[in-house]
Every structure is written in C-alpha cells, then in structure tokens.
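Down below is the structure, laid out as structure tokens.
Computed from heavy atoms alone, side chains included, the values below leave out hydrogens, waters and symmetry copies.
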Amino acid sequence: MTTIECNEEKYALNLNPNQVFIFINEKTKPYLEQFKEMQRKSKTYDIVLLPYEPSSAHQSVDDSVDPQLYNLITHSDVVARVMPMKLGDYRYMTETFFKGENYDFDYMNYKLEQFMAGLRSRKSQSYVNTIRRFFQYGNQEFCDFVMSIFNGNLKELIDMSNHFTHMTCTGDINVAQQFIRCFVDKLNGPQKDQLNIIIKDTLDYNSLKESEAIFTDFIHTEFDNDEPELQDFEKKHVKNITPPDFNIVVKPTKKKKQADANGDYDILVVKDNGESFPLNFGYRGDKMFYMLTLLCQKAVGGLPTKFFSFNSSQLVIKQIYDEVFRSGGDVWVDTMSRDSHKISVSRTHAQDAIEKRSSMDLKSVYWCSLETKALDIGPKKKKISIRRVRIPDHRIIIDDNDLLTRYLRGLPSLEQIVGYVTPNAAKVMELNLHMPRGRFNYR
C-alpha cells in the first residue's frame with residue numbers, strides 16, 4: 001500500500017474520497033467475483049470496477065500531468081483518494097497485487113481489508129481536523145448545525161469546543177477522535193447527512209459521478225504537445241477532462257398564466273453544433289440557487305454565502321427571485337439567511353438534478369456541476385468561499401434583454417463583503433481584534 005501527495009493543485013485529481021477504483025485486467029480478472037461481492041456489500045464506499053491494462057499507459061507524458069502521479073496510478077490495481085485534511089489537500093492511496101501462477105483469494109481479501117481500513121482511519125482523522133478548524137476559524141453552517149443539536153445549550157458547546165481548540169499532543173488528538181465518534185454516533189440519519197454535506201462543502205471534493213468522469217479521463221489521457229492554446233481556465237482542467245463543447249444559456253421563456261417551479265426563465269445547455277436541452281430542477285429553490293450562481297459568477301466571480309445576509313445583496317437576490325417566479329423573494333431570502341444549512345441543501349439538490357439527468361454524458365455533468373473556491377481578498381488576504389459553476393465564464397451566456405442583469409449592478413464587491421470598503425470597516429476590524437478566538441467567532 002502506497003500513499004502519494006500531489007502538492008500542486010493544477011496537477012491534482014479532485015476525486016471523491018468515498019470512492020475506490022479497482023482495475024480489471026489480465027492480472028485481476030480471476031478475482032472479479034470477489035470484487036463484485038465487495039461492491040455489493042460496501043455501504044460507505046462506492047466501488048468502481050474499470051477495465052484497464054497497465055500496458056496501455058503512456059511511457060512518456062507532457063506537462064499537463066504530474067508524471068509521478070500518472071505512473072503510480074496507471075500501474076496500480078486499486079486507487080482511492082484519501083479524505084483531505086483541509087481544502088487543497090490531495091493524497092492518494094494505491095495498492096498493487098502480486099501476480100502468481102496460483103490465485104490466493106485469502107491474500108486478496110487481506111490486502112483489500114487493509115486498504116479499506118487505511119481509508120477509514122484517515123477519514124476519521126480528517127473529520128477531527130475539519131471540525132477542529134471549524135472551532136478555530138469559524139464556520140457559520142456548522143455553528144447553526146451544532147446549535148440545533150444542543151438546542152442552544154452553551155455549556156455543552158463550550159465542552160465540545162475544548163476538545164478541539166487545545167490539542168497539543170497525540171493523547172489530545174486521540175481524545176478528540178474518541179469524542180467525535182461518540183458525537184457522530186448520537187446523531188440520527190438526517191443529522192449525519194447534514195454533517196456530511198457541511199464537511200463535503202468545506203473540503204470541496206467532487207461528487208461520485210464527477211469523480212468517475214475525471215478519473216476515467218485521466219487514465220485514458222492522450223498526450224499531444226501540438227494541441228492549440230487554451231484559455232487559462234480550460235488549460236487547468238484539460239488534463240482531467242476535455243474542454244466543454246457547449247454554453248450554458250439563461251433566457252426568458254414565454255410567460256404562462258400561473259407561475260410554476262420552472263418560473264419564467266430557462267437554463268439551457270446549448271452545444272456548439274446547435275443542439276440544446278434545458279436543465280430541469282425539482283424545486284424553485286434549487287433552480288434559483290443554480291441560476292443565481294451563474295449570474296453572480298458573471299458579475300463578481302461567484303456566489304458567496306454572505307450574499308444571503310448582506311443587505312444590498314439580499315435586495316438583489318429578492319429582485320431576481322421575483323423576476324423569475326413573480327413573487328416570493330422576501331420569504332426565500334429570509335429563510336436562507338436564518339438557516340445557512342438550507343443553502344447547502346439547495347446546492348446539493350441542484351447538483352443532484354444535474355447528475356440524475358439520464359441524457360447527459362459524464363463530461364457535460366462535470367462542466368455543469370457546482371464547485372466551491374476559496375479566495376484571498378484584499379491586502380490582508382481575508383478568506384472567502386464562493387460557489388460557482390465549473391464551466392468557464394465565457395461559456396455562460398445571460399440572454400435576458402437586461403431584465404436580470406440590471407439587478408446585478410447592485411451587488412456588493414467581494415471586498416465589501418469581507419469588510420474592507422464599508423463605512424464601518426475600521427470599527428468592524430477593531431471589534432474582531434478583541435474577540436476571543438476558538439469560540440465560533442468568524443473571520
């Protein structure tokens with residue numbers, strides 16, 4: 001079992017850490033039924049069986065991939081991403097089986113169990129580290145979640161915080177891990193799902209379908225140093241998956257007598273060859289979240305959570321919602337601002353609607369999918385996370401005769417959101433300076 005770390009994000013594969021890839025080839029084919037049984041029984045991990053022969057890997061590669069990562073993955077039998085310890089952590093575990101004349105199924109079981117135990121151990125460590133960072137640096141959604149679990153009992157919250165804000169040795173980490181296991185065990189099914197969504201959104205790893213698309217494209221990469229020059233955003237992703245051959249277009253539809261879940265606007269995938277189809281969403285909130293992400297991406301680079309609690313951006317969101325669905329913007333924005341977890345739920349539902357569209361190929365799903373980016377804003381590099389659609393900005397077309405885009409002019413800048421250019425910025429910064437750290441304070 002080997003673990004490799006990719007230190008440069010431009011070469012990393014943003015795989016889903018709850019997914020395990022097993023190559024089926026001449027060496028592993030005798031164990032196929034064993035792999036299928038593992039696939040059926042696994043509840044926590046998605047086991048993907050991929051036909052692939054190491055002999056088909058390229059002997060030399062270009063600068064679009066990390067050669068060490070490429071060679072290790074393409075010459076392994078089992079590959080999985082280790083659950084990241086923080087955003088931007090890319091580590092991968094691989095396993096290679098011995099090839100013998102006789103097939104040893106006990107040996108195979110042992111190696112697979114070892115591999116899965118290694119993944120589970122690192123996942124537990126990641127949960128502890130992620131929750132510790134929530135307490136140290138603040139996370140609004142996690143704060144709302146924990147407050148609801150403990151019904152606002154501050155003593156229990158402080159006791160919980162102490163497990164994570166004073167870890168100085170291995171013993172402290174072990175105590176924290178044990179505490180987290182007990183905490184998670186007490187959660188019911190929906191609560192565990194909520195926690196997983198918050199952690200996934202924080203660590204920003206891809207969904208299972210996106211992950212499979214990236215991995216499959218990576219192992220089948222064709223290297224050509226003479227390919228035409230791509231824009232920076234596309235160049236960064238070409239090693240993972242081929243560039244999109246379509247635009248995402250937002251445009252008004254013919255108004256119906258009554259407003260429905262689709263509203264008065266369509267979100268269309270328009271291919272370069274002229275074919276098109278709509279992106280359909282099950283609920284108003286899901287469609288609104290996706291459309292708002294597209295609009296904000298064109299206007300300021302993405303959609304930060306704080307847009308739902310900042311006065312000027314709240315007004316913009318209400319106006320856009322009422323333009324799309326005729327009414328209800330006040331209620332929707334108020335609901336989102338009071339419970340930040342609902343923002344993550346809308347994001348998840350919107351993503352699910354894209355992934356479950358049977359007519360979309362994996363490449364289209366990848367480029368239409370939502371992602372989270374962490375940005376450094378201003379001279380002091382204040383952190384802010386924004387949500388955006390993965391497709392390059394120039395392939396987002398807002399064809400609305402200025403009906404929606406006129407409202408976007410009222411959006412605050414990201415500098416305003418983090419407190420640099422507001423009239424009271426100095427007072428806010430002075431207040432933050434005197435706040436105690438590690439008790440749900442945000443920065």
Side-chain angles (χ1 to χ4, degrees), residues 197 201 204 206-214 233-234 237 241-256 259-299 301-303 317 320-326 328-329 332 336 342-373 386-401 403-405 407-408:
I197 289 172
D201 205 31
D204 191 35
N206 280 323
S207 68
L208 296 174
K209 277 195 174 183
E210 294 173 292
S211 175
E212 184 177 346
I214 290 172
F233 188 89
E234 291 180 335
H237 289 84
I241 196 162
T242 52
D245 58 354
F246 61 88
N247 296 325
I248 299 179
V249 180
V250 176
K251 63 186 303 182
T253 60
K254 184 178 179 181
K255 284 200 173 185
K256 311 171 218 34
D260 56 17
N262 291 321
D264 295 329
Y265 285 78
D266 277 338
I267 304 175
L268 302 169
V269 171
V270 181
K271 290 189 172 288
D272 294 346
N273 63 10
E275 296 177 9
S276 68
F277 58 84
L279 291 178
N280 296 319
F281 300 87
Y283 302 95
R284 288 187 178 190
D286 310 340
K287 180 170 184 174
M288 181 62 192
F289 183 88
Y290 192 85
M291 182 180 292
L292 191 61
T293 303
L294 293 170
L295 295 171
C296 290
Q297 185 167 333
K298 291 291 283 188
L303 173 64
I317 295 172
I320 292 174
Y321 190 100
D322 289 341
E323 175 67 35
V324 175
F325 296 111
R326 306 182 193 178
W332 192 70
M336 292 295 187
K342 291 188 182 299
I343 300 172
S344 287
V345 172
S346 290
R347 177 196 191 276
T348 301
H349 288 172
Q351 182 66 29
D352 286 345
I354 292 168
E355 293 185 3
K356 291 176 181 177
R357 186 184 174 91
S358 58
S359 60
M360 283 182 70
D361 58 274
L362 286 176
K363 185 181 82 170
S364 298
V365 168
Y366 175 85
W367 288 110
C368 288
S369 292
L370 295 156
E371 64 177 354
T372 302
K373 290 288 183 183
I386 61 170
R387 293 174 172 93
R388 48 182 290 137
V389 176
R390 190 172 278 118
I391 198 167
D393 297 354
H394 71 275
R395 281 192 172 272
I396 299 173
I397 310 297
I398 312 300
D399 183 15
D400 67 337
N401 295 319
L403 294 173
L404 294 173
T405 48
Y407 299 123
L408 297 175

Are the side chains of [Y] and [X] in contact, using a 4.5 Å heavy-atom criterion?
X      : Y      : result
Gln297 : Leu303 : no
Thr405 : Tyr407 : no
Ile396 : Ile391 : yes
Asp399 : Val250 : no
Asp201 : Arg387 : yes

Evaluation steps, side chain to side chain contact (heavy atoms under 4.5 Å, CB included), between Glu323 and Tyr265: CA-CA 9 Å; Glu323 175 67 35; Tyr265 285 78; 3.0 Å; yes
Short N-O contact, Arg347 and Asp286, less than 4.0 angstrom: no
Lys/Arg N to Asp/Glu carboxylate O, Lys298 vs Asp393, below 4.0 Å: no
Atom [atom1] of [X] and atom [atom2] of [Y]: how far apart are they, to the nearest 0.5 Å?
X      : Y      : atom1 : atom2 : answer
Phe281 : Asp352 : CZ    : CG    : 11.0 Å
Ser276 : Asn247 : OG    : CG    : 11.5 Å
Arg395 : Cys368 : CZ    : SG    : 11.5 Å
Leu408 : Ile398 : CG    : CD1   : 8.0 Å
Met336 : Leu292 : CE    : CG    : 9.5 Å
Lys251 : Leu268 : NZ    : CG    : 6.5 Å

Which pair of non-hydrogen atoms, one from [X] and one from [Y], has the smallest distance, and what is that distance?
X      : Y      : value
Phe246 : Lys271 : CB-CA, 3.6 Å
Gly285 : Trp332 : CA-NE1, 3.6 Å
Val324 : Met291 : CG2-SD, 3.6 Å
Val389 : Trp367 : CG1-O, 3.6 Å

Spell out, as yes or no, whether a donor-acceptor pair under 3.5 Å connects the side chain of [X] to the backbone of [Y].
X      : Y      : answer
Asp400 : Leu404 : yes
Arg388 : Glu371 : no
Ser364 : Met360 : no
Thr253 : Asp264 : yes
Asn401 : Leu403 : no
Asp322 : Gly329 : yes
Ser211 : Ser207 : no

Pair Gln351, Tyr290: side-chain N/O donor-acceptor within cut-off below 3.5 Å: no
From CA spacing to verdict: side chain to side chain contact (heavy atoms under 4.5 Å, CB included), Ile248, Ile267: CA-CA 7 Å; Ile248 299 179; Ile267 304 175; 3.8 Å; yes
